[in-house]
Amino acid sequence: MKVVTESVISCDRQNCDNRAHFLFRSGRGPITAYCDTHAEREAVRFGVALPEDIMETLMRGEAR
């Protein structure tokens with residue numbers, strides 16, 4: 001998972017026009033972009049935790 005700042009990418013979920021702030025990839029599969037809402041659902045599905053505060057994560061330099 002990667003946190004995206006200043007996103008110009010749309011969420012990959014069908015019928016969602018929100019901007020994506022998270023990129024997900026499982027193994028060598030495709031990279032998918034999700035808005036905050038859909039990223040939370042994917043995080044649960046993958047069993048990973050999303051950062052509580054995106055800006056705090058970016059400031060600590062953990063999002064690469």
Side-chain angles (χ1 to χ4, degrees):
M1 174 185 42
K2 178 179 173 91
V3 178
V4 180
T5 60
E6 300 181 27
S7 177
V8 294
I9 303 167
S10 295
C11 181
D12 284 334
R13 283 287 181 185
Q14 189 173 15
N15 299 321
C16 183
D17 295 325
N18 293 324
R19 289 187 176 189
H21 290 122
F22 297 90
L23 300 178
F24 283 78
R25 184 175 188 191
S26 179
R28 293 182 182 226
I31 297 171
T32 50
Y34 294 113
C35 66
D36 297 343
T37 301
H38 292 115
E40 285 183 40
R41 294 176 189 165
E42 286 300 302
V44 168
R45 190 170 77 85
F46 280 110
V48 297
L50 289 180
E52 291 293 322
D53 181 351
I54 293 172
M55 290 310 293
E56 181 180 303
T57 301
L58 293 173
M59 291 174 68
R60 286 194 315 241
E62 293 177 13
R64 295 187 181 131

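What you see is a predicted model; the values in this text were computed from it and never measured.
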Chemist: At what distance, to the nearest 0.5 angstrom, does CD of E42 lie from CG of D12?
Modeler: 10.0 Å
Chemist: Write down the atom of I9, the atom of A33, and the distance for their closest heavy-atom approach.
Modeler: CG2-CB, 3.6 Å
Chemist: Take Y34 and N18 through the side chain to side chain contact (heavy atoms under 4.5 Å, CB included) test and state the conclusion after the steps.
Modeler: CA-CA 8 Å; Y34 294 113; N18 293 324; over 6 Å; no
Chemist: Can a donor-acceptor pair be found, under 3.5 Å and without considering hydrogens, that links the side chain of R41 to the backbone of R45?
Modeler: no
Chemist: To the closest 0.5 Å, what do you measure between SG (C11) and CZ (R19)?
Modeler: 13.0 Å
Chemist: Minimum heavy-atom separation for H21 and D36, please, with both atom names.
Modeler: ND1-OD1, 3.3 Å
Chemist: According to a hydrophobic-cluster definition based on side-chain heavy atoms being under 4.5 Å apart (Ile, Leu, Val, Met, Phe, Trp, Tyr only), do F46 and L50 belong together?
Modeler: yes
Chemist: Of the non-hydrogen atoms in H38 and C35, which two are nearest, and what is the gap between them?
Modeler: ND1-SG, 3.2 Å
Chemist: Which distance, rounded to the nearest 0.5 Å, do you find between the CZ of F22 and the OG1 of T32?
Modeler: 12.5 Å
